[in-house]
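These notes concern the structure reproduced below.
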There are 2 protein chains.
Amino acid sequence: MNIDECRERFRNFLNDQGLRITNQRIAIFDAAFRIENHFTAEELLDHAREIDSSVSRATVYRTLPILTESSLVREIDVGKDFKFYFANPEKGNQQAQILCEDCDKIFEIDAPFLDWYGNSVSSKFGLKPVSQRLQISAQCTEYRATGACKNHS
Amino acid sequence: MNIDECRERFRNFLNDQGLRITNQRIAIFDAAFRIENHFTAEELLDHAREIDSSVSRATVYRTLPILTESSLVREIDVGKDFKFYFANPEKGNQQAQILCEDCDKIFEIDAPFLDWYGNSVSSKFGLKPVSQRLQISAQCTEYRATGACKNHS
DNA sequence: CTGCCTGCAAACTCTTTGCACGAAT
DNA sequence: ATTCGTGCAAAGAGTTTGCAGGCAG
């Protein structure tokens, strides 16, 4: 699924929700899908402004929930005081993250057992699982040993 | 391990770190260990003030890192804008949390595979795991059906 | 035209910090 | 007597919100 198909989905989503298709919302969408890695709200603002300089911080913050509810962007909370996001064209929810403490990079990995685990463990408490998250904080052995690694800037 | 043994450990920890044993630190410790469930910094402040009314918010925030570094209290970040803590006399790190979206209650469950999983998945990226977290957000079926459940206040 | 959307700046929430006083060793 | 620890209030950081004007439908 390429960016044009995704943008079309986004426009449809806005329509279905009775929301308007504005230049700012599309600029923010495009910015999100042009960023390769995970990004913060502030980084998204910077990129969106390269497309449409009128985009404001407030609109970015107001648009991010729309993007996540459309499932086109996923939100990742890694326990810092700001959230990360990333464009998520097709993958489902069953992913874990490895957080490199040295690079600050986030690696996504498939974790197909997550749904099963959430179900089996929740049912014991009379609970119905909604979402799971599995995150591993780790150190880069290469960076620790040599003072540099391919992910570190 | 009861609260008195834990308090003794805390005093020893303070000593070993060259930190002073103050009334406020002990009051905050005692408050943490009298709270049954998970608690926030603000709740800890309230309880600590019942023991020593001079305790300030700043001191609570300054003492919490000491408590977590001593491993007597564990910090849990559930993605809200404040952190939870709980007195952790003996259990290790290999626990997952179930977060009830209706009760806002946190259930701790043993997840002995966490270390193994973190290791096996990190090694593929040349990373050494430091910590893991596995959290399941869930809804209370009883509360959703009847409008009340034993955990809901 | 109507009312949702926007930018701006102020407000908010939790947490941290600078400072002068106070207490532990 | 030294220093470290403390309370207070202000600062910080990320995010949210009230308001007046602007643009989509």
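Naming convention: chains lettered A, B, ... in sequence-line order (proteins, then strands); numbering from 1 in each chain.
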Per A/R57 side chain, nearest of listed nucleotides D/dA24, C/dT6, D/dT15: D/dT15

Transitive ILVMFWY side-chain link B/Y61 to B/L44, under 4.5 Å: no

Nearest-neighbour nucleotide for the A/I21 side chain, D/dT15, D/dG25, C/dC14 considered: D/dG25

Candidates C/dT6, D/dG14, C/dT16 - which lies nearest the side chain of A/T22: C/dT6

Same cluster (ILVMFWY, side-chain, under 4.5 Å), B/V55 and B/I21: yes

Co-membership, hydrophobic cluster, residues A/F113 and A/I98, 4.5 Å side-chain: yes

Spacing of B/L64 atom CG relative to C/dT17 atom P, expressed in whole Å: 15 Å

Nearest-angstrom distance from the residue atom OH of B/Y61 to P of D/dG12: 18 Å

Axis bend over the full length of the helix from C/dC1-D/dG25 to C/dT25-D/dA1, computed from five pairs that close each end, to 10 degrees: 30°

Closest nucleotide among D/dG14, C/dG7, D/dG5 to the B/R25 side chain: D/dG5

Out of C/dT25, D/dT15, C/dT15, whichever nucleotide has its closest atom nearest the side chain of B/R20: C/dT25

Out of C/dT25, D/dG5, D/dC8, whichever nucleotide has its closest atom nearest the side chain of B/S56: D/dC8

Proximal nucleotide (of D/dG7, C/dA9, C/dA24) relative to the A/A58 side chain: C/dA9

Atom-to-atom span, CG of A/D52 to C1' of C/dC5 - whole angstrom: 13 Å

Quiz item: cation-pi between A/K105 and A/F107, 6.0 Å / 45°: yes

A/Y117 side chain near B/L134 side chain, heavy-atom distance below 4.5 Å: yes

Residues, nucleotides or ligands: over 12 heavy atoms within 6.0 Å of A/R7 CZ: yes

